[in-house]
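Worksheet for the structure shown next.
In what follows, every heavy atom counts, from backbone to side chain, and hydrogens, waters and symmetry copies are set aside.
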Amino acid sequence: MEPGPGTAPLDPTVRFSARAQAYASGRPGYPREIATVLARELSLVPGAVIVDLGSGTGLSSHIFLQAGFRVVGVEPNAQMRAHAEQALAGLPGFTSVAGSAQATTLPDASADCVVAAQAFHWFDLNATRIESLRILRAPPRAALIWNVRRTQESDFSRGYERLLLEYGGEYPQIRERHTDEDSIGAFFGGSHWRRVEFEHATELDFELLTARVNSTSYLPAPRDSAHAPMMKALSALFDATQHGGRVVMQYDARVYFGLIHPA
């Protein structure tokens, strides 16, 4: 029996293995202003060590390297980690380690700030909180970052949301787990965190839109029987809403930051 759209592995350390290339080429990056604001608000000096938990293909690490920080990317998935190492090879200050948010392999008190971009909802919250406090120097600074897609901004965004609801078996549950402020409060140890948002948008031709869809773990993979009808629906949506061969996907980059308060 062919796997259906809701049968992707639940283990986050393996669910992106077959999608690493699409993830690297299709996923949106993050506004550079995030690093600037965190440097100011968390008093992070140039050269400070940022540990990027669940660093994936390096999209989030990139903005912190550009801002002059040293970055340790912690990623358990070998395929994703290899893409980050290749993409960031030309930037000084990047180190890549095979580890997880719950077990980074890093020494005690070796980091100035931990960040997690588009990854926190996959972590074991309590174990990640304990591990973060172990590897952080005082004060224990942290930031959680998500790209939150706008779903009602245009005909394309509304149609894309309908497509995800139709073909993404886990999508409603995963959508609700993004930026769950109860979990965020539990990680920080109370309501001491602050939140900022940055609007940004990406223009996509059909090739990039296809890569973005194929990077999404809750949508049917090419081997799935539902993949072909999904791609047919995606092509029809693109044709109906494109302007000059492109569509615009709009996001709010939400950043939750502060100090982790010990229990």
| What's the verdict on side chain to side chain contact (heavy atoms under 4.5 Å, CB included) for Glu131 and Ser100, showing C-alpha distance, side-chain angles and the deciding distance? | CA-CA 10 Å; Glu131 178 71 350; Ser100 69; over 6 Å; no

| Working for side chain to side chain contact (heavy atoms under 4.5 Å, CB included), residues Leu42 and Cys113 | CA-CA 9 Å; Leu42 294 178; Cys113 181; 4.1 Å; yes

| message | Run Arg162 and Leu165 through side chain to side chain contact (heavy atoms under 4.5 Å, CB included) and show every step you take. | response | CA-CA 5 Å; Arg162 288 193 296 270; Leu165 289 168; 5.6 Å; no

| task | Verify salt bridge (charged side-chain N to carboxylate O under 4.0 Å, His left out) between Glu161 and Arg158, making sure each step is shown before the conclusion. | result | CA-CA 5 Å; Glu161 180 72 2; Arg158 288 186 287 272; over 6 Å; no

| Worked check of side chain to side chain contact (heavy atoms under 4.5 Å, CB included) between Arg194 and Glu41 | CA-CA 10 Å; Arg194 289 175 283 167; Glu41 297 297 326; 2.8 Å; yes

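Distance alone, capped at 3.5 Å, is enough to place a donor-acceptor pair between the Ser157 side chain and the Glu153 backbone. The closest donor-acceptor contact from the side chain of Asn147 to the backbone of Gly29 lies under 3.5 Å. Here the side chain of Ser235 pairs no donor or acceptor atom with the backbone of Lys232 at under 3.5 angstrom. A distance-only check finds a donor-acceptor pair linking the side chain of Asp224 to the backbone of Ala221 [under 3.5 Å]. Of the possible polar contacts, one joining the Asp205 side chain to the Leu208 backbone as a donor-acceptor pair under 3.5 Å is found. Not a single donor-acceptor pair under 3.5 Å links the side chain of Asp108 to the backbone N or O of Ile135. Judged purely by atom type and a 3.5 angstrom limit, Arg137 uses its side chain to pair as donor or acceptor with the backbone of Ala109. With Ser55 contributing its side chain and Val74 its backbone, the two residues share a donor-acceptor pair below 3.5 Å.
The CG atom of Leu88 lies 9.5 Å from the CD atom of Gln66; values are rounded to the nearest 0.5 Å. One distance of note links NE2 of His83 with CD of Glu75; it measures 11.5 Å at 0.5 Å rounding. Distance check, rounded to the nearest 0.5 Å: CZ of Phe64 to OG1 of Thr36 gives 9.5 Å. For the atom pair OG (Ser132) and CZ (Arg141), the distance works out to 13.5 Å, reported to the nearest 0.5 Å. Expressed to the nearest 0.5 Å, how far OH of Tyr171 lies from CG of Leu163 amounts to 10.5 Å. If you take CD on Gln242 and CG on Leu209, they are separated by 11.5 Å, rounding to the nearest 0.5 Å.
The nearest pair of heavy atoms linking Pro28 to Leu59 is O-CD1, 3.5 Å. Residue Phe188 comes nearest to Arg129 through the heavy atom pair C-NH1, 3.6 Å, listed as atom of the first residue, atom of the second, then distance. Nearest approach of Met230 to Pro220, heavy atoms of both residues: SD-CD, 3.5 Å. Across all non-hydrogen atoms, the minimal contact from Phe123 to Ala116 is CE1-CB, 3.7 Å. When every heavy atom of Phe69 is checked against every heavy atom of Ala39, the shortest pair comes out as CZ-CB, 3.7 Å. Nearest heavy atom pair, residue Gln250 against residue Ala201, reads CG-CB, 3.9 Å.
Side-chain heavy atoms closer than 4.5 Å link hydrophobic residues (I, L, V, M, F, W, Y) into clusters, and following such links, even through other members, never connects Phe120 to Ile130. Both Val114 and Ile184 sit in one connected hydrophobic cluster of ILVMFWY residues. Membership requires side-chain heavy atoms under 4.5 Å apart, directly or through other members. Linking Ile, Leu, Val, Met, Phe, Trp and Tyr whenever their side-chain heavy atoms come within less than 4.5 Å leaves Leu259 and Leu125 in two separate clusters. If you chain together hydrophobic residues whose side chains sit under 4.5 Å apart, Phe238 and Met231 fall into the same group. With hydrophobic clusters built from ILVMFWY side chains whose heavy atoms lie under 4.5 angstrom apart, Ile63 shares a cluster with Val37.
Within the 4.5 Å cutoff, side-chain heavy atoms of Tyr30 are placed close to those of Gln118. Between Val148 and Tyr251 the shortest side-chain heavy-atom distance does not fall below 4.5 Å. Considering only heavy atoms from C-beta on, Phe198 stays 4.5 Å or farther from Ile145 through its side chain. Annotation: side chain of Arg70 is not in contact with side chain of Phe94 (no heavy-atom distance under 4.5 Å). Residues Glu197 and Val255 have side chains not in contact (no heavy-atom distance under 4.5 Å, counting atoms from C-beta outward). Annotation: side chain of Ile50 is in contact with side chain of Leu44 (closest heavy-atom distance under 4.5 Å). Annotation: side chain of Ile260 is in contact with side chain of Leu136 (closest heavy-atom distance under 4.5 Å). Contact check for Thr210 versus Val213: no side-chain heavy atoms found under the 4.5 Å cut-off.
The only member of Leu53, Val72, Thr128, Val97 that meets side chain to side chain contact (heavy atoms under 4.5 Å, CB included) when paired with Thr104 is Leu53. A salt bridge (charged side-chain N to carboxylate O under 4.0 Å, His left out) with Asp252 holds for exactly one of Arg149, Arg195, Arg150; it is Arg150.
Ring pair His192/His261 is parallel by interplanar angle, where below 30° counts as parallel and above 60° as perpendicular.
Judged by distance alone, the side chains of Asp155 and Thr241 never bring a donor and an acceptor atom under 3.5 Å apart. Inspection of the Thr202 and Arg212 side chains reveals an N or O donor paired with an N or O acceptor under 3.5 Å. A side-chain N or O of Ser183 and one of Asp180 form a donor-acceptor pair less than 3.5 Å apart.
By the 6.0 Å contact criterion, CD on Gln86 is open, its count of non-hydrogen atoms from other residues, nucleotides or ligands being 12 or less.
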